[in-house]
Engineer: 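First the structure, then my questions, so here it is.
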2 protein chains.
Amino acid sequence: MEERVKEIKQQLSAHSYKLTPQREATVRVLLENEQDHLSAEDVYLLVKEKAPEIGLATVYRTLELLSDLSIIHKLNFGDGVTRYEFRAEGAEHHHHHLICLHCGRVDEITDDWLGPIENRVQKEFDFQIIDHRLTFHGICHRCKDQVKDPKKAVSSKVT
Amino acid sequence: MEERVKEIKQQLSAHSYKLTPQREATVRVLLENEQDHLSAEDVYLLVKEKAPEIGLATVYRTLELLSDLSIIHKLNFGDGVTRYEFRAEGAEHHHHHLICLHCGRVDEITDDWLGPIENRVQKEFDFQIIDHRLTFHGICHRCKDQVKDPKKAVSSKVT
DNA sequence: AATCTAAATGATAAAAAATATCATTTGATA
DNA sequence: TATCAAATGATATTTTTTATCATTTAGATT
Ligand SMILES: [Mn+2]
Ligand SMILES: [Mn+2]
Ligand SMILES: [Zn+2]
Ligand SMILES: [Zn+2]
């Protein structure tokens, strides 16, 4: 935790940004909720608990900054809000997500399974891949017994 | 074109919805721009050209209806607006997209390349897949000569 | 053809998310 | 300690989407 914060401080200084108390509080909230996918509003409410004077705009600005520096990733699960998550250590690409249409939970595939497909894309489309987004929508293992007809679980509300 | 419209009319009636003039105009705009990925605002402006009296709310309602009936797909390319496209004939799943970070163009992979990965997901995660979203961000074949260092083309603005 | 009625529409208000503005504060450096 | 660009907080504004509601319409029923 402390090491991660220090590391981020260095990443910021490397680009001559300061790790202000507000930024540090935001970073800590993100680290403490690393397995979640928090929205800016989520982060704001959590940061307020430890730094009540922080403004929403600062949270947005900090998230944007961390995203620009590739310290965190911006995510969009099609529910109308941008979500954020820490980027794993050496992760080259976004990892994959499994979104349950029944309970809403989000699971992760942290290994990159797209290698072979990306080779095909580069070859067949002459498209140089920089990053990707892969999300599966379906029924998670926790819900499978409660869902009789999975085909009826509509994903049309999700983009 | 006429057959497609008639077919959609039947899909609507099957759920006791009417193909009103406004809905038909909207459907025609979507059909005439089938290879694009139009936003609601885009559709609205195009529909206005042939049916100037239409209201924006009606366009939103129509797009939502067509999406609920799985006649069109809702898309989110992380640029802040929801986009829409006709669903291909027998398409089970969303097709894949290649988004160029340099020119913004969107190309498509209409074949479903995710079969093997989906099998792994179902097996290893006990997750029953209903649909998926796969997008690649990178440099398209048209732009590759203009982009010296593709690694620098940042995708951090995109969710 | 005239009447009826639920569905659909258009205008517009409201909500929700994100960004812009600007006066004030802060923190690294001299 | 004084300086000053960077950062912040409050809040206005923009943008996208949804909700509300009075009015109109399409299609069924006489
Ligand atoms: Mn994740
Ligand atoms: Mn497409
Ligand atoms: Zn579930
Ligand atoms: Zn391009």
Side-chain angles (χ1 to χ4, degrees), chain A residues 8-27 29 37-69 72 74-84 156-159, chain B residues 5 8-27 29 37-45 47-69 72 74-84 156-159:
Chain A
I8 288 157
K9 180 172 187 169
Q10 287 166 353
Q11 291 179 263
L12 289 177
S13 341
H15 294 82
S16 53
Y17 292 112
K18 308 166 190 172
L19 183 63
T20 64
Q22 291 90 340
R23 285 175 182 166
E24 181 170 339
T26 304
V27 164
V29 161
H37 301 91
L38 303 176
S39 67
E41 189 77 20
D42 293 337
V43 173
Y44 173 62
L45 293 174
L46 289 167
V47 172
K48 283 220 108 176
E49 292 176 9
K50 51 176 68 171
E53 77 290 352
I54 200 169
L56 177 58
T58 299
V59 171
Y60 270 103
R61 283 185 289 234
T62 300
L63 293 171
E64 197 61 30
L65 174 63
L66 294 172
S67 173
D68 286 347
L69 297 180
I72 62 176
K74 277 171 114 162
L75 306 173
N76 191 316
F77 291 156
D79 62 349
V81 292
T82 301
R83 300 185 174 276
Y84 302 87
S156 73
K157 293 291 163 194
V158 179
T159 62
Chain B
V5 174
I8 289 157
K9 179 171 186 170
Q10 287 166 353
Q11 292 178 264
L12 289 177
S13 345
H15 295 81
S16 52
Y17 292 112
K18 307 167 188 170
L19 182 65
T20 63
Q22 292 89 340
R23 285 175 181 165
E24 180 170 341
T26 304
V27 163
V29 160
H37 301 92
L38 303 176
S39 68
E41 189 77 22
D42 292 337
V43 174
Y44 173 62
L45 293 174
V47 172
K48 284 219 108 176
E49 292 176 9
K50 52 176 66 171
E53 76 291 352
I54 200 169
L56 177 58
T58 298
V59 170
Y60 270 102
R61 283 184 290 233
T62 301
L63 293 171
E64 198 60 31
L65 174 63
L66 295 173
S67 173
D68 287 347
L69 297 180
I72 62 176
K74 276 171 114 162
L75 306 173
N76 191 316
F77 291 156
D79 62 348
V81 291
T82 301
R83 300 185 173 276
Y84 302 86
S156 73
K157 294 290 163 194
V158 179
T159 62

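Residue numbering restarts at 1 for every chain, and letters A, B, ... go by the order of the sequence lines. The shown structure was predicted, so the numbers you read here are calculated from the model rather than taken from an experiment.
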Engineer: For the atom pair CZ (B:R23) and CG (B:L65), what is the distance rounded to the nearest 0.5 Å?
Structural biologist: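 Nearest 0.5 Å value for the CZ-CG distance: 5.0 Å.
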Engineer: Return the 5'-most residue of the pair A:L65, B:V81 with respect to DNA chain D, ranking by each residue's nearest nucleotide.
Structural biologist: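 Its nucleotide being nearer the 5' end, the pick is A:L65.
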Engineer: Measure from CD on A:E64 to P on D:dA6 and round the result to the nearest Å.
Structural biologist: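 Going from A:E64 (CD) to D:dA6 (P), I get 18 Å.
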Engineer: What's the separation between atom CG in A:L19 and atom CD1 in A:I8, rounded to the nearest 0.5 Å?
Structural biologist: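 Rounded to the nearest 0.5 Å, the CG-CD1 separation comes out at 8.0 Å.
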Engineer: Rounded to the Å, how far apart are B:Y17 OH and D:dA26 P?
Structural biologist: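 Distance check: B:Y17 OH to D:dA26 P gives 19 Å.
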Engineer: Going from OG on B:S39 to CG on B:L45, what distance comes out if it is rounded to the nearest 0.5 angstrom?
Structural biologist: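 Those atoms lie 8.0 Å apart.
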Engineer: Take atom CG of A:D42 and atom P of C:dA18, then tell me their distance rounded to the nearest Å.
Structural biologist: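 Checked: the CG to P distance equals 11 Å.
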Engineer: Measure the distance from CG on B:L75 to P on D:dT17 and round it to the nearest whole Å.
Structural biologist: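 It works out to 12 Å between those atoms.
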Engineer: Side chain of B:R23: nearest nucleotide among D:dA6, D:dG9, C:dT9?
Structural biologist: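 Nearest listed nucleotide: C:dT9.
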Engineer: Rounded to whole angstrom units, what separation is found between the NE2 atom of A:H15 and the P atom of D:dA5?
Structural biologist: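 My rounded result for the distance is 22 Å.
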Engineer: Would you say A:T20 reaches D:dT8's phosphate, i.e. side-chain N/O to OP1/OP2 under 4.0 Å?
Structural biologist: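 Looking at the OP1 and OP2 atoms of D:dT8, one of them is under 4.0 Å from a side-chain N or O of A:T20.
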Engineer: Hey, can you pull the residues of residues 50-62 of chain A with a non-hydrogen atom under 4.0 angstrom from DNA chain D?
Structural biologist: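 A:E53, A:I54, A:G55, A:A57, A:T58, A:R61, in order of number.
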Engineer: So A:Y17 and A:L69, do their side chains get closer than 4.5 Å, heavy atoms only?
Structural biologist: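 Yes, close enough: below the 4.5 Å cut-off.
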Engineer: With a 4.5 Å heavy-atom cut-off, do A:Y44 and A:I54 have their side chains touching?
Structural biologist: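 The answer is yes; the side chains approach within 4.5 Å.
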Engineer: So which nucleotide from D:dT17, C:dA8, C:dG27 ends up closest to the side chain of B:T82?
Structural biologist: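 Nearest to the side-chain atoms of B:T82, counting from C-beta on, is D:dT17.
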Engineer: What is the distance, to the nearest angstrom, from the NZ atom on B:K9 to the C1' atom on D:dG27?
Structural biologist: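 That distance rounds to 11 Å.
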Engineer: By nearest heavy atom, map B:E41 and B:Q22 onto DNA chain D; which one lands nearer the 5' end?
Structural biologist: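 Residue closer to the 5' terminus by nearest nucleotide: B:E41.
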Engineer: Taking 4.0 angstrom as the limit, do A:K9 and A:E24 come out as a salt bridge?
Structural biologist: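 So A:K9 does not pair with A:E24 through a salt bridge.
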Engineer: Starting at atom CG of A:N76, determine the distance to atom P of C:dA18, rounded to an integer number of angstrom.
Structural biologist: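 After rounding, the reported distance stands at 9 Å.
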Engineer: Let me know the distance between NZ of B:K18 and C1' of C:dA6, rounded to the nearest Å.
Structural biologist: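 Going from B:K18 (NZ) to C:dA6 (C1'), I get 7 Å.
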Engineer: Can you confirm whether the side chains of B:R61 and B:T58 place a donor and an acceptor under 3.5 Å from each other?
Structural biologist: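 Yes.
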